[in-house]
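To start, the structure itself, in structure tokens.
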Amino acid sequence: MSEILAPANADPARYELYSCEQLSNERKSLAAQTEQLEQLMAKAKTAPGGSVIAEAAYGPDYMKVRGQAHFAEKAWQQNRCKDSVAAK
């Protein structure tokens, strides 16, 4: 369900003018943010009632980051970027 809703929480045009290098950096940043939010949600879920608290506290941010990651990945593919961008 979250895979369906996540793109609704992000701007689909945000990454249209990004270069492959910018997209690479953005994808790394979004992956780190996603991991951090997942860890925070997992930690919150260990407490009584934690699932509700995790969703209320971190759910909106998590959905936004996942949506941004979806559109960054889509732009990456449309630009035919490669995983190893040469450093300048």
Side-chain angles (χ1 to χ4, degrees):
M1 180 61 106
S2 66
E3 296 300 321
I4 296 168
L5 295 176
N9 293 303
D11 179 10
R14 180 176 181 159
Y15 301 109
E16 284 182 359
L17 301 177
Y18 276 44
S19 68
C20 288
E21 185 176 356
Q22 289 171 314
L23 285 168
S24 178
N25 293 334
E26 186 71 5
R27 289 171 70 222
K28 289 175 189 173
S29 174
L30 291 168
Q33 290 175 51
T34 299
E35 183 178 340
Q36 180 184 22
L37 287 167
E38 287 173 348
Q39 290 172 355
L40 290 169
M41 291 173 78
K43 185 177 180 180
K45 288 179 182 180
T46 62
S51 292
V52 173
I53 294 168
E55 286 301 318
Y58 305 113
D61 289 337
Y62 181 75
M63 295 297 284
K64 182 180 177 185
V65 170
R66 291 293 307 224
Q68 290 173 328
H70 170 80
F71 289 119
E73 184 63 31
K74 191 173 179 179
W76 179 266
Q77 292 172 0
Q78 287 175 342
N79 291 346
R80 296 184 179 117
C81 299
K82 304 290 184 206
D83 281 328
S84 57
V85 176
K88 293 183 179 182

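- Contact record, Ala72 with Leu23: O-CD2, 4.0 Å, taken as the closest heavy-atom pair.
- Contact check for Met41 versus Tyr62: side-chain heavy atoms found under the 4.5 Å cut-off.
- Applying the ring-ring contact (aromatic ring centres under 6.0 Å, His included) test to pairs two or more places apart or on separate chains, none has a residue in residues 30-59.
- In this structure, Ser51 has no side-chain hydrogen bond (donor to acceptor under 3.5 Å, both in side chains) partners at least two apart in sequence or on a different chain.
- Within a 6.0 Å sphere centred on NZ of Lys74, other residues, nucleotides and ligands contribute 12 heavy atoms or fewer.
- For the side-chain hydrogen bond (donor to acceptor under 3.5 Å, both in side chains) test, no residue two or more places apart in sequence or in another chain qualifies with Glu55.
- Listed by chain and residue number, Asp11, Glu16 satisfy the side chain to side chain contact (heavy atoms under 4.5 Å, CB included) test with Ala13 (two or more places apart in sequence, or in another chain).
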inquiry  = Between Lys64 and Gln68, is the side chain to side chain contact (heavy atoms under 4.5 Å, CB included) condition met? List the steps.
reply    = CA-CA 6 Å; Lys64 182 180 177 185; Gln68 290 173 328; 3.8 Å; yes

Pairs under 3.5 angstrom only: tabulate donor-acceptor contacts from the side chains of residues 26-36 to other protein residues two or more places apart or in another chain.
{"unit_1": "Glu26", "atom_1": "OE2", "unit_2": "Tyr15", "atom_2": "OH", "d": "2.9"}
{"unit_1": "Arg27", "atom_1": "NE", "unit_2": "Glu73", "atom_2": "OE1", "d": "3.0"}
{"unit_1": "Arg27", "atom_1": "NH2", "unit_2": "Glu73", "atom_2": "OE1", "d": "3.0"}
{"unit_1": "Ser29", "atom_1": "OG", "unit_2": "Gln33", "atom_2": "NE2", "d": "3.0"}
{"unit_1": "Thr34", "atom_1": "OG1", "unit_2": "Leu30", "atom_2": "O", "d": "2.8"}
{"unit_1": "Glu35", "atom_1": "OE2", "unit_2": "Gln39", "atom_2": "NE2", "d": "3.3"}

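- Partners of Asp61 by side chain to side chain contact (heavy atoms under 4.5 Å, CB included), not counting sequence neighbours, listed by chain and number: Leu37.
- Ile53 and Leu40 fall into different hydrophobic clusters, where Ile, Leu, Val, Met, Phe, Trp and Tyr residues are linked whenever their side-chain heavy atoms come under 4.5 Å apart, directly or through other members.
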